[in-house]
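Below you'll find the structure, written out as structure tokens, and then a few comments.
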Amino acid sequence: MPTLRSASKGLQSPNEKPNSDPTTPSKKRSSSRSKETEAVVCSSPVASQSDDAVAKVAKCKIISSPTSSRKRLYGDEPTQKPKWNPKDPVQMKAVKEALHVATVPSNVACRDGEQNRIFDFCKECFEKERAGSLYVCGCPGTGKTLSLQKVKNKLLTWSKEVGYEKPEAVSINCTTLTSTSEIFSKILEKFERTCNGLSPLQQLQRIFSQRQSSPPKMTLIIVDEMDYLITSDRSVLHDLFMLTTLPFSRCILIGIANAIDLADRFLPKLASLNCKPPVITFRAYNKNQIYEVIQERLKGLGYDVFDPLSLEFCARKVAAASGDMRKALAVCRSAVEHLETEIRDSCDLQEFHTVTFDHMDKALSQAFKPKIVDTILSLPLHQQVILYALVNLFNRSKKNSTTVGELNKTYNETWKSIHRNGRTAIGAAEFTNMCQGLSDQGLLRLKQSKEEKSRRITLTVDSSDIAYAFKGHRFIQDCKFLEE
């Protein structure tokens with residue numbers, strides 16, 4: 001096939017004449033005919049000998065060839081997704097639902113290894129018709145509960161395919177229990193057997209300790225938030241795991257909690273009885289996994305919601321802080337809401353297609369701001385100005401303590417510079433009471449002295465948190481010195 005170089009060679013120079021010598025060898029004649037053929041394929045006249053013609057031929061060659069060098073190197077150009085229209089309420093609602101924590105995705109990305117280990121454990125228990133216990137742990141927001149639900153569904157499907165009797169499945173969240181011992185009543189409901197005079201735990205122990213006329217079904221028990229069962233004597237946790245050690249038990253108990261060492265700390269007897277449950281740990285998500293999980297949730301929408309840089313920024317920030325996927329989803333929803341607010345406040349002619357880096361930056365700043373910021377913003381205005389003046393005084397004097405008298409003087413100067421409309425500052429006695437109130441809230445330390453104005457004052461919070469709280473303040477606009 002002719003290439004770009006061969007196409008340019010097929011054009012004659014303006015100073016050259018066509019070779020019409022009948023004595024020319026056949027090889028030259030065939031070469032000349034091939035050159036003419038190349039020019040005809042490109043629909044470019046041979047008489048056009050300029051550089052523009054070369055460019056035309058080259059361009060025509062690449063486009064017309066289905067197996068051009070560019071396609072061989074890079075492949076077909078990716079099809080662009082349709083643009084997202086944030087002004088469409090239907091599309092906006094779909095994006096928010098996809099990013100909501102309560103929305104269960106069709107696939108739990110980046111947790112295949114953990115899910116396979118849990119499934120293999122349950123499968124082995126089924127095949128050997130024996131009970132077993134497993135402990136799943138990990139930081140909040142690492143996909144433990146969602147993965148267990150997927151494993152449960154997969155196990156029910158597998159047991160039906162291979163011909164096993166359909167197992168019973170019980171999912172219990174310990175935060176919903178009125179008492180820790182109520183968990184045994186929840187489990188007993190699946191067996192539909194009651195015996196007067198015995199507690200639910202005793203009835204379960206009796207069922208699993210005696211041979212029945214018909215063997216009980218395999219039962220999968222998933223206990224979420226298991227650390228809520230920790231009591232002073234640890235009896236509930238111990239009795240729960242011991243149900244899987246009884247001779248006729250067919251229970252597969254899977255406990256979920258955040259603490260990695262729960263079994264070691266609160267169930268030491270299980271280790272002595274050689275029935276300590278295996279532990280599967282869900283590690284915190286890294287930045288690549290967070291990025292992939294969010295993309296997986298948005299894949300079904302058919303359009304790009306986030307600018308790639310903004311999504312990467314969110315993934316890096318959340319991964320560095322905690323690796324909590326629920327936090328990442330909340331930040332993304334907040335960024336979408338910032339875009340929604342910007343659309344509502346802007347003119348109709350302006351176009352919006354994706355969540356930008358600025359929207360994500362606002363959402364992250366809001367999500368990761370220190371808790372003390374909310375406390376500062378909830379203070380009365382005079383106490384806010386006192387904190388503002390105190391940080392200003394420390395920055396100017398390069399000291400970390402001052403007196404009530406010095407702070408009062410700086411407060412008055414600050415108040416006059418902020419309120420030029422004649423509003424008066426508070427008096428000395430009320431100023432001392434305001435400082436005492438800030439001390440009671442743990443924002444500063446106020447030491448004792450014979451004279452009120454000689455009492456020493458120091459900050460107990462980071463000055464950068466105060467600077468962050470006063471950014472964009474309604475009355476305090478210029479906070480640049482707080483960042484120096």
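- The aromatic rings of F126 and W158 stand perpendicular to each other, their planes meeting at an angle above 60°, with 30° marking the opposite boundary.
- Shown here for K154 and N116, the closest heavy-atom pair between the two residues is NZ-OD1, 3.8 Å.
- Side chains of L459 and N400 form no contact here, defined as non-hydrogen atoms less than 4.5 Å apart.
- Atoms OG1 and CG, from T460 and L446 in turn, are 11.0 Å apart once rounded to the nearest 0.5 Å.
- At least one side-chain heavy atom of Y285 sits less than 4.5 Å from a side-chain heavy atom of R111.
- Taking all atoms of both residues into account, the shortest heavy-atom contact from C314 to L364 is CA-CD1, 4.1 Å.
- At least one side-chain heavy atom of M226 sits less than 4.5 Å from a side-chain heavy atom of L240.
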Go through the steps for F394 and S463 under the test side-chain contact (heavy atoms from CB on, under 4.5 Å), then give the verdict. CA-CA 9 Å; F394 287 165; S463 60; over 6 Å; no

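- Residues E225 and C174 share a closest heavy-atom pair of O-CB, 3.3 Å.
- Using modelled atom types, one finds no donor on one side chain facing an acceptor on the other under 3.5 Å when comparing H338 with T341.
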Using the salt bridge (charged side-chain N to carboxylate O under 4.0 Å, His left out) rule, take E406 and K409 through it: C-alpha gap first, then chi angles, then the decisive distance, then the call. CA-CA 5 Å; E406 292 176 351; K409 181 180 178 181; over 6 Å; no

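- Of the charged side-chain nitrogens involved, none lies within less than 4.0 Å of a carboxylate oxygen, so that E114 and R117 do not count as a salt-bridged pair.
- Atom NZ of K96 is surrounded by more than 12 heavy atoms from other residues, nucleotides or ligands within 6.0 Å.
- In this structure, K369 places its NZ atom where more than 12 heavy-atom neighbours from other residues, nucleotides or ligands lie under 6.0 Å away.
- In this structure the side chain of C122 reaches within 4.5 angstrom of the side chain of L220, judged on heavy atoms.
- Rounding to the nearest 0.5 angstrom, the gap separating the CG atom in L443 from the OG1 atom in T375 is 7.0 Å.
- For the pair K144 (side chain) and C139 (backbone), a donor-acceptor distance under 3.5 Å is present.
- With values rounded to the nearest 0.5 angstrom, L134 atom CG is found 8.5 Å from F241 atom CZ.
- Although no hydrogens or angles enter the test, the distance criterion places a donor-acceptor pair under 3.5 Å between the side chain of Q384 and the main chain of L379.
- Side-chain atoms of E182 do not come within 3.5 Å of backbone N or O of L177 as any donor-acceptor pair.
- The shortest distance between side-chain heavy atoms of Q366 and S334 falls below 4.5 Å.
- Atom CG of L253 sits about 8.0 Å away from atom CG of L243, to the nearest 0.5 Å.
- C435 and L444 make their closest contact through O-CD1, 3.6 Å (heavy atoms, listed as atom of the first residue, atom of the second, distance).
- Side chains of Y303 and H353: a donor-acceptor N/O pair is absent below 3.5 angstrom, by distance only.
- Within a 6.0 Å sphere centred on CZ of R396, other residues, nucleotides and ligands contribute more than 12 heavy atoms.
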H359 and F306: CA distance, side-chain angles, deciding distance, side-chain contact (heavy atoms from CB on, under 4.5 Å) verdict: CA-CA 10 Å; H359 299 134; F306 294 91; over 6 Å; no

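- Proximity of a side-chain donor or acceptor of Q289 to a complementary backbone N or O of N286 within less than 3.5 Å is detected.
- In this structure, S439 contributes its side chain and R445 its backbone to no donor-acceptor pair below 3.5 Å.
- Taking the ring axis of F368 as reference, the NZ or CZ atom of K327 stays within 45° of it and closer than 6.0 Å to the ring centre.
- Between K317 and M360 there is no side-chain heavy-atom pair separated by less than 4.5 Å.
- Contact of the D304 side chain with the W84 side chain is not registered, since no non-hydrogen atoms from C-beta on lie closer than 4.5 Å.
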side-chain contact (heavy atoms from CB on, under 4.5 Å) assessment of V318 paired with M325: CA-CA 8 Å; V318 175; M325 181 53 62; over 6 Å; no

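- The two atoms that bring A328 and I290 nearest to each other are CB-CG2, 3.8 Å, heavy atoms only.
- Enclosure of atom OH in Y228 is not indicated, since only 12 or fewer non-hydrogen atoms of other residues, nucleotides or ligands lie within 6.0 angstrom.
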Criterion side-chain contact (heavy atoms from CB on, under 4.5 Å) on K399 and L393, from CA distance to verdict: CA-CA 8 Å; K399 297 179 181 179; L393 180 61; over 6 Å; no

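- A donor-acceptor pair is defined here as one N or O able to donate and one able to accept, closer than 3.5 Å; no such pair exists between the side chain of T219 and the backbone of E168.
- Side-chain contact, D358 with T356: no donor N or O sits under 3.5 Å from an acceptor N or O.
- Judged by distance alone, the side chain of R250 and the main-chain N or O of K217 form no donor-acceptor pair under 3.5 Å.
- D224 is not listed as a side-chain neighbour of S171, based on a closest heavy-atom distance of 4.5 Å or more.
- By the neighbour-count criterion of 12 heavy atoms within 6.0 Å, atom NZ of K152 is densely surrounded, having more than that number from other residues, nucleotides or ligands.
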Begin from the C-alpha positions of N288 and E292 and carry the test side-chain hydrogen bond (donor to acceptor under 3.5 Å, both in side chains) through to its verdict. CA-CA 6 Å; N288 295 331; E292 182 179 345; over 6 Å; no

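- Taking CG of L390 as the start and CG of N395 as the end, the distance is 9.5 Å to the nearest 0.5 Å.
- The backbone N or O of Y164 sits nowhere less than 3.5 Å from a side-chain atom of S159 that would complete a donor-acceptor pair.
- The two residues L99 and L329 have their closest heavy-atom pair at O-CB, 3.4 Å.
- Separation of atoms CD1 (I466) and CD1 (I372) is listed at 8.5 Å; rounding is to 0.5 Å.
- Side-chain contact, N153 with Q149: no donor N or O sits under 3.5 Å from an acceptor N or O.
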